[in-house]
Structure formats: C-alpha cells, structure tokens
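This chain uses plain numbering: 1 for the first residue, then up along the sequence.
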Amino acid sequence: MKRGALLLLTWLGGGFQEEAAAHSLAERVAALEARAGLVLRPPASEDAALVTEIEAALEALPPALRRPPGGPLELVTHPEPAPFGLGNASARRPEWSEDGRRFHLYAFVPGDERRAALRTARLSDGELERLWRRRAVVHAVMRRWDDARGWSGTARWRRLSGWRRPLERPLVFSEQALLTYDGAYSRARGRASAALDLATFAEEFFVPVESLREDALSRDERVACQEFSKARALGELLARDGLARLAPRAACPAFDAWARQEALAEVEVLLVSSTGRQPESLFGHLMLRPVWREDAEAVRGPGFDAVVQPVALTGGRARGPDYVLMGLAGGFSLAFLTTTLGDVAHEALELEQRTVRRFRLRLTAGERVRVLERVWELERRGYLPYFFATDNCASALLFLLNGALEEDRRVRTPGPLWVLPGATLDALARLEVAGPDGASRPLLEHVADDLESTGDRALRAHAARERALATVVARVGPSLAPRWTLLHRRLSSAVPGTRHAAWGRVPALVEATLAATPVAEAVHAYLAQSVRVERAEVDRMEARRLAVEYARLVAVRSVVPDHRGAERERQRVFEREDEVQRHLAALDRLALVEQVLATADKRAPTPEEDQVLARAREVEAVFQTATDVQGALQQGPLSQVEGLDFLRRDQADKVQAERTRAARGLETSGAARVAVGGGVEWLASGGPRPVLSLQTAALKEGLGESFLHGFRPSSELRLLDGVLRLVPGRGLPRVVDSRLTLLGYRTLLREPPWHRETLLDELGWGVEARMETRDKAHAQPYRATLQAEALLVVDDSPDFRHYAALGVGGRVAVRWGAWPTPGAGPRFSFAQRVALPGSSFNAVRLEAAWAPLFLLGMGPRYEAEASLQVEWLVGRWGPRALRLVPRAQLLWEGHVEPRVDMAIEWL
C-alpha cells in the first residue's frame with residue numbers, strides 16, 4: 001500500500017503520458033482526478049483510448065493550466081454520435097450540465113464544417129478522432145479558466161473579432177461579432193459568443209493538426225502562421241495572470257517574405273479625397289499603406305508597395321438606384337483587399353482623378369508588425385457587414401487598427417449613426433501616444449506630400465507653365481514673343497487636333513528661341529509642364545473610354561459572379577495559402593474589367609460613343625507626339641538642362657505649397673460643429689428684441705475653408721446643420737424659429753481651363769434640403785424646401801480663399817399649418833468671399849438671394865435674404881479652434897427684418 005502511494009505521488013510530480021505505461025488504467029484515472037480535477041466514471045473511466053487522449057490533451061496545455069478552477073470537472077461520454085464528438089448546446093446534445101460541473105462527450109463522427117475540417121484533410125479517421133478528443137478536453141478546461149479569469153470579456157480579446165454586447169450598438173440585442181465569415185473562427189461554434197470564440201481557438205492552438213502528424217500541414221497553413229493576433233492575445237492574457245509564457249512563434253515563410261519586418265519603416269493612412277464634381281465620391285475613401293525602407297539587396301519601386309483597401313464586394317454591380325439601396329441596407333459584404341500602390345495610382349490618381357492625402361501613424365515597432373499581421377489575417381478571413389453610413393471603409397480601418405494597438409489603447413468610433421472618413425481621421429488624431437522623448441503626441445500626423453492625381457497635377461502644371469511662359473515672353477525679342485503666345489493658346493485648346501498641330505511647331509520655335517536668347521531653363525519648364533497637362537487628358541479620356549466599352553457589353557464570355565458569388569470565390573482562394581500564391585491578382589478589379597471587356601461580345605457604338613472613342617485615340621496621339629517632341633529636344637537643344645533638377649525643384653515647390661495650405665487650415669474635419677451666439681433683431685412693429693442662438697452640425701465645411709481631414713476648399717457640405725433661435729425671458733427661453741439643413745452641398749470646382757468648351761463647363765452647382773419652423777404668428781409656420789442651382793463663378797483664387805459666384809436655380813416647397821400648400825419658383829443668388837490675412841478661416845462673406853415662391857391657390861410670395869459676416873479665428877487648442885463671427889442680416893418676406901448678432905463657433 002505504501003509502495004503504491006509512493007508510486008502515485010511520484011507520477012503526480014511528473015507528466016501524464018510519460019508515466020502512463022507503468023500504471024494501470026485505474027491508477028491513471030485516479031491521477032487525472034487528483035492532479036487535474038478531471039473526474040471519469042464508467043464507462044468513460046474504462047475507456048483506455050479516451051484516458052490516453054485526455055492525458056495527451058493536458059500535456060498540450062501549459063503546466064499551470066492543467067488543473068482548471070471551479071472544482072471537479074466530470075467528463076461524461078455518450079454513445080450517440082455528434083459532429084467532432086462535441087455537443088452544440090441543444091437539448092439533445094448539451095455541452096454542459098450540472099451548472100458547469102459536467103462536460104459531455106459523444107461518439108465521434110466527422111463534421112461537415114468546411115473551416116473546421118479544412119486543415120485536417122490529411123489525417124486518417126483514427127487521427128481525426130484522437131485530434132478532436134484532445135480538443136474537447138482543452139475546450140472544457142479553457143472554458144473553466146475563462147469563466148474564472150474573464151479573458152473573453154477583455155477588450156484585448158473582443159476587439160479581434162469585433163464582439164459587441166447587447167445594446168452596445170443600436171438595434172443589437174444579443175452578443176454579436178463584426179466578423180461574419182465562419183472561416184474567421186476555428187469552428188462555427190465560436191461564432192456564438194466571445195467565450196466560445198476563445199475556447200474553440202484554444203482547441204486549435206494547443207492541439208494543432210501537426211501535433212498528430214508533422215507533415216499534415218505546410219508551415220504557412222498552420223494556425224500559428226494564420227492567426228497571429230489571437231495567438232498573441234491568448235499569450236498576453238496568460239502572461240498577465242502569471243499562468244504561462246508561450247514560446248515565440250516559429251518562422252512563417254510566406255508571411256515573413258511579404259512583411260519584411262526588419263525593413264518596415266512606418267504605416268500611413270491614406271485619404272482618397274473627393275473629386276468635388278462627382279457626388280458618389282463626396283465623402284472620400286480610407287486606405288492603409290505600410291511603408292518599407294529601401295533594401296539594397298532587393299530594390300523595387302514604390303509602385304509595388306502594398307496598400308490595404310477595405311472595399312465593398314459588389315460583384316461588378318453597376319451603379320444605380322438598386323446599388324445605392326443595397327449599400328444603405330447592408331446588401332453587400334466588406335472585405336480587405338491588399339493591392340499595390342501602382343494599382344491605386346492607376347485607379348484613383350489617373351482614372352478617377354482623385355488626389356490621395358497622406359497621414360503617418362505614430363506606432364511603436366511592435367504595433368507596426370501587428371498591423372501587418374492583422375492585414376494578413378483580415379484579407380483571408382475578414383468579412384464585415386457593409387452599410388454605407390455606419391459600417392464602411394472608415395469603420396473597417398478602425399477595426400483593423402484597434403486590433404493592433406498595444407496596452408489596450410483604442411480609437412473610439414466617431415458616432416453611432418454614421419462613420420465618416422474625415423471624422424475617423426479626427427478620432428485617430430485625438431488619441432494621444434507617447435513619443436521616444438516621452439512627450440504626448442497625436443497618433444495621426446499629416447504628411448505634407450500628397451499622392452497627386454494627374455488632374456490636380458495638370459492644374460498645378462498649367463499655372464506653372466503660364467509662369468514659365470511669362471519668363472520666356474519677357475526675355476525674347478518682339479519677333480518671337482507673339483509666336484510663344486500663339487503656341488500657348490493652341491496648346492491650351494480643348495480640341496486635340498489643334499494641340500497636335502501646335503506640338504509639331506514646337507521644335508522650330510525652341511531652336512529659334514535658344515539661338516536668340518539663353519532661356520533654356522524656362523523653355524524646358526514650359527514644355528515639361530505642358531506634357532503633364534497632356535498626360536492628364538489621356539487619363540480622363542481613358543476613364544471615358546472604359547465607361548463606353550462597359551456600356552457596349554452584350555454578352556460576357558467570362559463568368560462574372562454576383563456579389564455573393566464573388567465573396568464565395570474569394571473565400572475559396574484564401575482557404576489555402578498555396579492557392580493564394582497562385583491567385584495574387586484575384587481581386588484586381590481593373591484587371592478583371594479589362595479581361596471581361598477583351599472577351600465579351602459588344603454592340604456597335606452609338607454615334608455619341610464613337611465620338612468618345614475617336615477622341616480618346618486623338619488625345620493619345622497628341623500625348624505620344626508631345627513626349628516624342630520633348631524627348632528629342634531634351635537630347636538636342638535642351639540637353640544642357642538637367643531634368644532631375646527640374647523634378648526636384650518641382651517636388652519641393654509642391655511640398656512647400658502643401659505645408660502652407662496645411663498651416664492655414666485645421667488638422668480636423670468639419671464634423672461635430674457647435675456655435676452659440678446672441679444678438680438683436682428688429683420686429684415688424686419696429687421694436688428690437690434680444691435673441692439667443694444655438695447651432696449644431698453633424699458636418700459643416702464651408703467654401704474656402706481648409707480642413708486637413710475634410711473636403712476640398714472648393715466644396716461646401718452641410719449635414720444635419722441646425723439653428724435654434726430663442727428669446728430670453730422669465731422662465732425658460734421661448735423658441736422663435738429653427739432651421740435644419742438635412743443636406744446642403746455647393747461646389748465651385750469646374751472643368752480645367754483648357755476643357756471649358758461649353759457654358760456647362762464653366763458652372764459649379766449646389767443642392768439643399770431643409771426643414772424650417774417660423775414664429776407661431778405665421779399662418780403656415782412649418783416649411784420643407786428642396787432647391788438646386790447652377791453657379792457661375794465670376795472670380796476665384798486657386799484655393800478658393802477668394803471667390804464670387806452668381807447662382808440661378810429653382811426650388812420646390814411645402815408649407816403647412818392648418819393645411820399643407822405646395823409651391824415652386826426660381827431662385828437667384830450671389831455669393832462672395834474675401835480672405836483676410838492668416839488662417840483660411842479668416843474671411844468676409846456676403847450672401848444674398850431672391851426667391852419668389854408661387855404657392856398653389858395662394859399666388860406668389862416674394863422672399864429675399866442677405867447677410868454680411870466677418871469670420872476671425874481667435875485661438876487654437878490642439879487641432880480645434882474658436883472663431884468669432886459677427887453678422888448682419890436682412891430678411892424680407894412682406895416686410896424687412898434686420899438682425900445683428902455675434903456667434904462663437906467651435907471648429
């Protein structure tokens with residue numbers, strides 16, 4: 001008896017499997033209960049194979065985890081079969097009973113879950129059963145530990161799958177995860193809760209497939225090389241509680257070759273800005289860009305660097321009303337696409353003509369690596385719901401970054417009802433991080449070196465070539481100056497044939513000019529900038545050509561799946577790492593479109609389409625001639641001019657201009673604006689009265705105002721911009737009137753000067769939808785108005801700090817009190833802004849409008865309003881600022897109402 005007890009104590013001091021062969025089954029069962037608190041009763045205690053797998057499962061766990069808290073844990077077996085031999089929380093197949101004291105095991109049969117079975121395909125039936133028996137034990141033990149320590153309730157774990165508690169978001173009444181794809185979880189059971197997500201991952205992590213057979217998976221497909229974030233989070237939680245320190249992961253060849261961690265310099269957030277002319281691009285688009293240092297051993301251009309895009313999987317659905325409705329209602333999924341900077345440049349900078357602003361993230365070295373790990377994981381398994389207003393590229397970017405930040409740092413979502421790219425950049429900038437010197441700085445830092453669209457570069461080139469032309473004309477004789485002026489007029493023509501002929505005359509003019517006057521630098525600059533203008537024309541026409549080719553499709557020979565089919569195909573590719581390497585361009589949308597266009601049956605083009613295709617060919621021919629002429633001159637008469645010096649100076653001028661613009665602006669967007677004010681108005685009876693005002697806006701960015709996280713100064717956008725005016729008195733103030741602009745948009749951005757062929761090319765435009773209430777003395781105090789206008793810009797500066805515009809449009813309205821009355825009428829307006837020194841937010845504005853409204857059955861009502869206001873920034877506090885706005889207004893609706901007030905705006 002004493003010898004048996006001594007042997008048992010000796011065994012309890014060592015491992016389970018090492019000593020098992022030397023002891024009887026009953027002694028091994030007793031040791032499991034004594035050492036691990038696992039209780040087995042017949043028939044489980046009589047199943048030697050089961051006892052062996054339980055011992056193996058415990059050996060797979062770190063020693064401190066092998067005895068779970070919560071008292072004895074009984075493992076009960078059942079003869080009924082169940083997938084993987086595990087329960088599913090149903091009445092017939094429970095996982096737990098007796099308040100968590102009993103865990104149930106069932107007869108093993110293979111499951112049909114694709115994700116759970118994917119990495120086990122090379123195991124035999126016997127190996128599969130052994131694998132899942134071990135995982136079941138790990139599951140039970142880890143659930144006990146999680147119940148005691150609350151690991152699955154920590155932000156460190158929950159943020160990886162985006163777990164939300166009930167009512168944490170509107171209309172969410174049960175625990176849910178943002179990740180919607182079963183493949184993002186070790187098995188489908190993990191989608192039920194964060195606790196099951198942790199337990200099912202622990203099964204796979206501690207009992208991986210290769211623990212049964214080393215050659216069952218390649219190194220890159222093992223869980224340690226696929227689930228970096230969850231493995232790291234689990235290790236950090238165990239280390240925090242002093243239970244284990246997991247060994248660093250082994251090499252992962254595919255990831256390590258892609259990540260190049262030793263050369264990773266920084267991570268940037270990219271804002272693809274609005275065009276200002278296309279409503280669908282109004283709010284911009286966010287992307288992520290890892291930046292690597294130059295590697296002397298493997299030099300590659302920046303165009304091959306990775307850019308991570310959260311994109312909606314639309315399956316090539318054409319833009320239209322149903323596209324918009326599906327985007328608003330969650331009809332698409334959102335996925336993470338890793339493409340190259342060259343692809344982004346082609347799509348955004350060239351075809352869409354959208355400049356990309358750059359922002360650097362102040363991340364630690366460890367966080368930069370974690371970002372790459374998150375990208376690797378989410379590209380393969382990161383499918384999220386897509387809703388245009390709330391679950392979009394901006395929220396997806398925050399989801400990715402929050403999973404990579406250390407020390408439980410978290411960037412808060414800008415708002416529950418909408419998540420705008422600009423407001424998301426604000427949220428990133430509000431998070432303070434400690435720098436190398438210990439000082440706190442914003443996580444987000446602006447980089448004053450935009451990735452410039454060819455269109456914006458052409459506008460800058462046009463201004464630069466006019467300066468170069470002025471230098472040339474001033475220095476050449478009277479015989480050559482008119483020829484240069486005529487050349488410039490022809491090169492600025494909207495007609496490709498005129499420009500093509502003009503380029504043919506350039507060599508002779510350059511040779512004559514250089515023979516007479518040494519102005520090679522200015523001539524070179526003029527021609528180089530002119531070629532840039534021609535390049536932008538090629539890109540514009542290429543976008544129009546692709547649109548025509550797409551419209552001509554009759555029958556598509558390539559299989560183009562819908563958005564659900566595209567999602568399934570993408571998931572299939574990313575299931576196996578060897579498949580990923582063979583389909584590196586699987587999600588190149590432009591390449592897919594080109595492939596479809598090349599193989600599809602097309603109808604004959606219409607006359608209008610034929611004109612577009614012909615013009616595209618003409619523009620390309622002009623560009624070819626321009627580059628040929630420039631190259632020949634560079635090798636001949638202009639060979640003494642160093643082209644690299646020109647590029648360096650041009651880049652320095654561009655960066656300096658962006659720094660100046662940034663210094664005049666604010667490092668925020670126009671989200672969450674607030675203003676309070678007070679003043680005096682004069683009643684129709686002639687008496688004055690004091691008035692208080694409160695103004696709030698979900699988003700408000702005015703013409704001429706420069707927000708680094710916002711839109712172009714050429715555009716004005718107002719969302720839910722409300723003004724409430726009150727009269728103070730005894731007790732609560734009385735509401736005088738209110739105005740809520742649901743959406744207001746104006747843009748003064750027009751076609752480039754060399755593209756203005758018709759009056760429409762000279763016009764900006766604006767729309768507004770608003771609700772109003774007037775004083776109860778009005779017979780119809782409630783009003784709804786929708787108006788649109790064309791804006792003729794009569795004067796402007798390049799950054800629209802100064803402008804003057806005339807507006808002509810119309811409006812429809814409904815007014816009601818006791819009864820509703822519809823109406824319609826024209827609207828005429830004038831707007832002018834004169835910049836004051838300093839910030840772009842310092843200005844004098846004059847706005848005036850006259851709008852007769854013809855109400856049904858009531859005849860015309862003539863309305864007019866005018867305001868003159870001064871805007872002056874009085875102070876800055878970090879990225880935010882305070883502005884004073886004294887204003888004088890005149891309203892006329894049958895009688896004149898003068899108003900004078902002062903508003904204090906929080907920007």
Side-chain angles (χ1 to χ4, degrees), residues 228-229 232 255-272 285-310 336 338-345 348-349 355-379 393-394 396-407 409-411 421 424-452 651 654-655 658-659 662 667 708-709 879:
F228 303 108
S229 297
R232 188 192 301 275
F255 172 78
D256 294 337
W258 173 78
R260 294 186 292 144
Q261 299 175 34
E262 68 287 347
L264 182 63
E266 58 192 32
V267 177
E268 293 182 350
V269 175
L270 305 181
L271 172 63
V272 185
H285 177 59
L286 290 182
M287 302 183 294
L288 201 68
R289 178 196 177 198
V291 180
W292 285 273
R293 290 184 293 273
E294 290 288 343
D295 187 346
E297 297 181 359
V299 178
R300 67 178 185 180
F304 292 98
D305 281 350
V307 173
V308 184
Q309 290 198 66
F336 293 85
T338 299
T339 184
T340 66
L341 186 60
D343 289 337
V344 169
L349 307 185
T355 288
V356 177
R357 293 184 203 163
R358 299 168 56 197
F359 300 89
R360 182 183 297 112
L361 290 169
R362 290 188 172 101
L363 301 174
T364 66
E367 287 173 334
R368 291 195 291 269
V369 173
R370 293 184 185 210
V371 166
L372 293 185
E373 293 174 347
R374 289 286 284 169
V375 169
W376 186 265
E377 299 162 347
L378 291 176
E379 185 177 28
C393 65
L397 183 72
L398 290 185
F399 172 65
L400 186 156
L401 291 175
N402 278 329
L405 295 178
E406 297 172 343
E407 301 175 359
R409 290 187 295 187
R410 176 173 175 264
V411 183
T424 299
L425 295 177
D426 293 345
L428 288 167
R430 280 195 294 269
L431 181 62
E432 293 284 328
V433 298
D437 58 355
S440 292
R441 295 181 177 87
L443 174 65
L444 194 74
E445 176 190 14
H446 177 241
V447 178
D449 187 8
D450 292 348
L451 304 177
E452 195 175 30
Q651 173 68 10
K654 167 181 170 289
V655 170
E658 291 177 13
R659 286 175 177 163
E667 297 179 5
L708 288 183
H709 302 167

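Considering only residues two or more places apart in sequence or on other chains, Arg441 meets the salt bridge (Lys or Arg N to Asp or Glu O under 4.0 Å) condition with Asp437. Partners of Arg232 according to the side chain to side chain donor-acceptor pair (under 3.5 Å) rule, which considers only residues two or more places apart in sequence or in another chain, are Glu373. Taking Glu406 as the reference, Thr364 meet the side chain to side chain donor-acceptor pair (under 3.5 Å) condition, with sequence neighbours excluded. Ala396 pairs by the side chain to side chain contact (heavy atoms under 4.5 Å, CB included) definition with Pro310, Leu334, Phe336, Leu384, not counting sequence neighbours. With sequence neighbours left out, the side chain to side chain donor-acceptor pair (under 3.5 Å) criterion links Ser229 to Glu377. For Arg368, there are no salt bridge (Lys or Arg N to Asp or Glu O under 4.0 Å) partners at least two apart in sequence or on another chain. Arg409 pairs by the salt bridge (Lys or Arg N to Asp or Glu O under 4.0 Å) definition with Glu367, not counting sequence neighbours. Partners of Phe359 according to the ring pair (Phe, Tyr, Trp, His ring centres under 6.0 Å) rule, which considers only residues two or more places apart in sequence or in another chain, are His446, His709. Every residue meeting the salt bridge (Lys or Arg N to Asp or Glu O under 4.0 Å) condition with Asp449, not counting sequence neighbours, appears here in chain and number order: Arg358, Lys654. Under the side chain to side chain contact (heavy atoms under 4.5 Å, CB included) criterion, Ala259 pairs with Phe255, Gln261, Leu372, sequence neighbours left out.
Interatomic distance, Arg360 CZ to Glu266 CD, rounded to the nearest 0.5 Å: 4.5 Å. Remark: Leu405 CG to Leu443 CG distance equals 6.5 Å, nearest 0.5 Å. Here the CG atom belonging to Asp343 is positioned 9.0 Å from the CD atom belonging to Gln309, to the nearest 0.5 angstrom. Separating the OG atom in Ser440 from the CG atom in Leu431 is a distance of 10.0 Å, to the nearest 0.5 Å.
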* Asked: So Leu341 and Arg289, side-chain contact (heavy atoms from CB on, under 4.5 Å) or not? Walk me through it.
  -> CA-CA 8 Å; Leu341 186 60; Arg289 178 196 177 198; 3.7 Å; yes
* To do: Quick one: do Leu349 and Val344 satisfy side-chain contact (heavy atoms from CB on, under 4.5 Å)? Show the steps, please.
  => CA-CA 7 Å; Leu349 307 185; Val344 169; 5.8 Å; no
* Run the side-chain contact (heavy atoms from CB on, under 4.5 Å) check on Val308 and Thr339 step by step: do they pass? -> CA-CA 6 Å; Val308 184; Thr339 184; over 6 Å; no
* Between Thr424 and Val269, does a side-chain contact (heavy atoms from CB on, under 4.5 Å) hold up when you go through it step by step? -> CA-CA 11 Å; Thr424 299; Val269 175; over 6 Å; no
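The main-chain N or O of Arg357 is never found under 3.5 Å from a side-chain atom of Asp450 such that the two would form a donor-acceptor pair. The main-chain N or O of Leu398 is found under 3.5 Å from a side-chain atom of Asn402 such that the two form a donor-acceptor pair.
Contact between Val356 and Leu270 at its shortest, heavy atoms only, is CG1-CB, 3.6 Å. Between Ala404 and Arg374, the shortest heavy-atom distance links the atoms CB-CG, 4.2 Å. Nearest heavy atom pair, residue Ala306 against residue Trp292, reads N-CZ3, 3.8 Å.
For the residue pair Thr355/Glu452, the side-chain donor-acceptor check at 3.5 Å is not satisfied.
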